[in-house]
Amino acid sequence: MTKHQDDRKKFGRFAEDLAAGHLSRTGYHLLGRNVRFRQGELDIVALHEGVLVFCEVKARRSDAYGLPVEAVHIHKQRRMMQLGSLYLLANPEYAQHACRFDVVSVSARGLGWQVEVIQNAFP
């Protein structure tokens with residue numbers, strides 16, 4: 001792994017830690033992080049007010065390449081829907097829950113970080 005890849009991985013982990021902490025503080029009960037399937041990975045799976053939530057975490061150190069949420073394009077949305085279905089097959093105890101897809105945006109603001117949750121980010 002190159003230094004650049006290692007730095008990106010560390011930054012991604014840092015952003016996911018910020019996102020998970022924010023979600024926990026705002027009433028989400030985390031069920032899993034980095035839930036892996038052969039077809040891909042769900043960053044965070046949680047329960048929020050009785051709804052099963054599949055969260056994609058996107059982070060940016062600057063807005064030079066756009067806002068984090070803009071990186072969740074249609075291909076990523078379809079992949080998340082597929083992974084959500086796989087999660088429900090693997091965890092049938094949640095099959096009766098309503099589901100939604102949230103995007104957690106982590107971005108640099110001044111000397112700190114801003115975490116924003118976009119609920120129902122896509123159908």
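Values reported hereafter were calculated over all heavy atoms of this structure, with side chains retained and with hydrogens, waters and symmetry mates removed. Along the sequence shown, residues are numbered consecutively beginning with 1.
- For the pair Arg100 and Asn120, the tightest heavy-atom approach, listed with the atom from each and the gap, is CB-OD1, 3.2 Å.
- Closest non-hydrogen pair, Val104 versus Ala19, comes out as CG1-CB, 3.5 Å.
- Applying the salt bridge (charged side-chain N to carboxylate O under 4.0 Å, His left out) test to Arg33 and every residue at least two apart in sequence or in another chain returns Asp17.
- Between the His48 side chain and the Val51 main chain, no donor and acceptor come within less than 3.5 Å of each other.
- Considering only heavy atoms from C-beta on, Lys58 comes within 4.5 Å of Glu56 through its side chain.
- Taking 4.5 Å as the limit, some side-chain heavy atom of Leu52 sits within range of a side-chain heavy atom of Leu88.
- Counting only heavy atoms from C-beta outward, the side chains of Val53 and Phe101 never approach each other to under 4.5 Å.
- Taking 4.5 Å as the limit, some side-chain heavy atom of Leu31 sits within range of a side-chain heavy atom of Tyr87.
- No side-chain donor-acceptor contact under 3.5 Å links Arg13 to the backbone of Arg8.
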Verdict with reasoning, Leu23 to Cys55, per side chain to side chain contact (heavy atoms under 4.5 Å, CB included): CA-CA 10 Å; Leu23 291 171; Cys55 299; 4.0 Å; yes
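- Residues Val35 and Phe54 fail the side-chain proximity criterion, which asks for heavy atoms closer than 4.5 Å.
- Distance check, rounded to the nearest 0.5 Å: CD of Gln114 to CG of Leu18 gives 12.0 Å.
- No side-chain N or O of Asp102 forms a donor-acceptor pair with one of Gln119 less than 3.5 Å apart.
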Test side chain to side chain contact (heavy atoms under 4.5 Å, CB included) applied to Leu47 and His97, step by step: CA-CA 9 Å; Leu47 281 174; His97 284 72; 3.7 Å; yes
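- Contact of the Ser105 side chain with the Val115 side chain is not registered, since no non-hydrogen atoms from C-beta on lie closer than 4.5 Å.
- With Ser24 contributing its side chain and Gly21 its backbone, the two residues share no donor-acceptor pair below 3.5 Å.
- Around the CD atom of Gln96, the shell of radius 6.0 Å holds no more than 12 heavy atoms that belong to other residues, nucleotides or ligands.
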Verdict with supporting geometry, Met80 and Gln77, side chain to side chain contact (heavy atoms under 4.5 Å, CB included): CA-CA 5 Å; Met80 283 186 68; Gln77 293 173 20; 5.8 Å; no
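- Heavy atoms only, all atoms of each residue included: Ala15 and Val106 are closest at O-CG2, 3.8 Å.
- Asp43 places a side-chain N or O within 3.5 Å of a backbone atom of Val57 that can act as its donor or acceptor partner.
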Step-by-step side chain to side chain contact (heavy atoms under 4.5 Å, CB included) determination, Tyr28 to Val117: CA-CA 11 Å; Tyr28 287 71; Val117 179; 3.5 Å; yes
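- For Gln39 (side chain) and Leu83 (main-chain N/O), no donor-acceptor pair under 3.5 Å exists by modelled atom type.
- Taking both residues in full, the closest heavy atoms of Arg60 and Trp113 are given as O-CZ3, 3.7 Å, listed atom of the first, atom of the second, then distance.
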